[in-house]
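Here is the structure we will look at.
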Amino acid sequence: MDYKEEQAQELEVLESIYPDELRMIRETYPGIKFEVELKLELQELIEDTVGHLSKNHTLHVTFELPETYPDENPLISIDAEETAQGYGDDSGDEEDEEEDEQQYDEHGNRLMSRYENIPDTISLVEYAQGGTLVREIEEQIETDMLNGMQMCFALISSIKEKAEQHFVEELTIKQQQHEKELQAREKEEQAKFHGTKVTRESFLAWRETFRKELNLDKRDEQRRMEAHHGRLTGRQMFEQGVEGTLDDIDETDLDETTDKLKNL
């Protein structure tokens with residue numbers, strides 16, 4: 001196989017497919033090296049989700065072709081870039097701010113979507129630059145048995161597809177977490193309105209504590225004493241007698257009391 005010719009032909013095809021995205025770093029064989037800029041198309045993938053995407057996600061994929069490519073795997077490195085949409089356009093920023101100010105939830109609370117927008121919390125930097133995506137591509141080369149054929153275009157398409165799929169998966173996870181948080185907050189709000197359930201035992205315990213704190217028993221006792229001009233009631237006499245205080249009562253008074261009870 002004429003490796004130099006194979007690489008030149010493939011590079012010509014790639015330049016026709018990516019006229020603006022492909023940038024040559026080193027054109028001489030062996031050691032041809034080039035970079036392809038891939039702008040991920042994510043907006044259509046998140047139309048049915050909470051929030052909107054206000055960042056552009058771009059992958060810069062670098063290929064370095066060994067001397068015996070395509071029999072030998074290309075060396076691939078990937079960098080991820082995230083930029084705000086409309087960056088540098090002041091009027092666009094002002095419109096976004098106005099739009100944020102006009103967003104409210106069902107309770108009338110202002111929504112700060114710029115800071116709470118779920119799609120904008122997702123980053124592809126770790127996935128792309130941490131080596132995970134490159135390993136997946138290397139596994140694909142082995143699985144699809146791409147060695148011996150021109151593969152750069154297939155790998156570029158796969159890199160873009162895998163990155164977009166990873167974004168959607170991360171978005172789904174964060175949406176589920178967001179829903180759980182909303183449900184938890186809703187339960188907390190409902191609990192504030194329902195309060196603590198009152199039972200007979202809890203009411204009696206509260207009543208006892210309440211009366212002790214305000215000295216209500218002592219106050220009631222004082223009022224009863226005042227109502228009977230300082231004399232003990234029959235119940236008080238009985239209770240004190242049970243407790244052994246009958247010795248304090250004169251025997252004559254006790255006999256008189258007994259006779260009165262008999263005549264009732």
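Count residues from 1 along the sequence. Values reported hereafter were calculated over all heavy atoms of this structure, with side chains retained and with hydrogens, waters and symmetry mates removed.
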How about [atom1] on [X], more than 12 heavy atoms from neighbouring residues, nucleotides or ligands closer than 6.0 Å, or not?
{"X": "M1", "atom1": "CE", "result": "yes"}
{"X": "E15", "atom1": "CD", "result": "yes"}
{"X": "R207", "atom1": "CZ", "result": "no"}

Side-chain contact test, heavy atoms from C-beta onward, threshold under 4.5 Å: evaluate it for [X] versus [Y] and give yes or no.
{"X": "E27", "Y": "I32", "answer": "no"}
{"X": "P70", "Y": "Y3", "answer": "yes"}
{"X": "I25", "Y": "E35", "answer": "yes"}

Salt bridge (Lys or Arg N to Asp or Glu O under 4.0 Å): pairs with one or both residues in residues 54-66, sequence neighbours excluded: R26-E64, K55-E82
Salt bridge (Lys or Arg N to Asp or Glu O under 4.0 Å) partners of residues 65-81, not counting sequence neighbours, each pair once: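 Applying salt bridge (Lys or Arg N to Asp or Glu O under 4.0 Å) to every pair that reaches into residues 65-81, excluding sequence neighbours, yields nothing.
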Measure the spacing between [atom1] of [X] and [atom2] of [Y] and express it to the nearest 0.5 Å.
{"X": "I78", "Y": "L133", "atom1": "CD1", "atom2": "CG", "result": "3.5 Å"}
{"X": "E21", "Y": "L14", "atom1": "CD", "atom2": "CG", "result": "11.5 Å"}
{"X": "L124", "Y": "H57", "atom1": "CG", "atom2": "NE2", "result": "5.5 Å"}
{"X": "I118", "Y": "T172", "atom1": "CD1", "atom2": "OG1", "result": "10.5 Å"}
{"X": "L11", "Y": "F34", "atom1": "CG", "atom2": "CZ", "result": "6.0 Å"}
{"X": "D120", "Y": "L171", "atom1": "CG", "atom2": "CG", "result": "10.5 Å"}

Using modelled atom types only, decide if a donor and an acceptor are shared between the side chain of [X] and the backbone of [Y] within a distance under 3.5 Å.
{"X": "K33", "Y": "M24", "value": "no"}
{"X": "S157", "Y": "F153", "value": "yes"}
{"X": "Q150", "Y": "Q7", "value": "no"}
{"X": "E164", "Y": "E41", "value": "yes"}

Contacts of [X] that satisfy side-chain hydrogen bond (donor to acceptor under 3.5 Å, both in side chains) - sequence neighbours left out:
{"X": "E126", "value": "none"}
{"X": "K4", "value": "none"}
{"X": "E170", "value": "none"}

Going hydrophobic residue to hydrophobic residue with side-chain gaps under 4.5 angstrom, can you get from [X] over to [Y]?
{"X": "L75", "Y": "L59", "value": "no"}
{"X": "L214", "Y": "W206", "value": "yes"}
{"X": "M149", "Y": "V13", "value": "yes"}
{"X": "I173", "Y": "V168", "value": "no"}
{"X": "I159", "Y": "I17", "value": "yes"}

Between Y29 and E5, a side-chain donor and acceptor under 3.5 Å: no
Identify the two heavy atoms, one from [X] and one from [Y], that lie closest to each other, and give their separation to 0.1 Å.
{"X": "I122", "Y": "K174", "result": "CG1-CD, 4.2 Å"}
{"X": "F63", "Y": "C152", "result": "CD2-SG, 4.0 Å"}
{"X": "A80", "Y": "A128", "result": "CB-CB, 4.0 Å"}

Stepwise side-chain contact (heavy atoms from CB on, under 4.5 Å) check, E136 with Q140: CA-CA 6 Å; E136 291 178 357; Q140 179 182 343; over 6 Å; no
SB check E139 R135 (cutoff 4.0 Å):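 Salt bridge: no.
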Derivation of the side-chain contact (heavy atoms from CB on, under 4.5 Å) call for N147 and I141: CA-CA 7 Å; N147 292 108; I141 294 175; 3.8 Å; yes
Pair H166-K162, side-chain contact (heavy atoms from CB on, under 4.5 Å): steps then yes or no: CA-CA 6 Å; H166 179 78; K162 288 180 179 295; over 6 Å; no
Stepwise side-chain contact (heavy atoms from CB on, under 4.5 Å) check, V134 with S77: CA-CA 7 Å; V134 172; S77 63; 5.9 Å; no
Which residues share a ring-ring contact (aromatic ring centres under 6.0 Å, His included) with Y69, sequence neighbours left out: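 Result, ring-ring contact (aromatic ring centres under 6.0 Å, His included) vs Y69: none returned.
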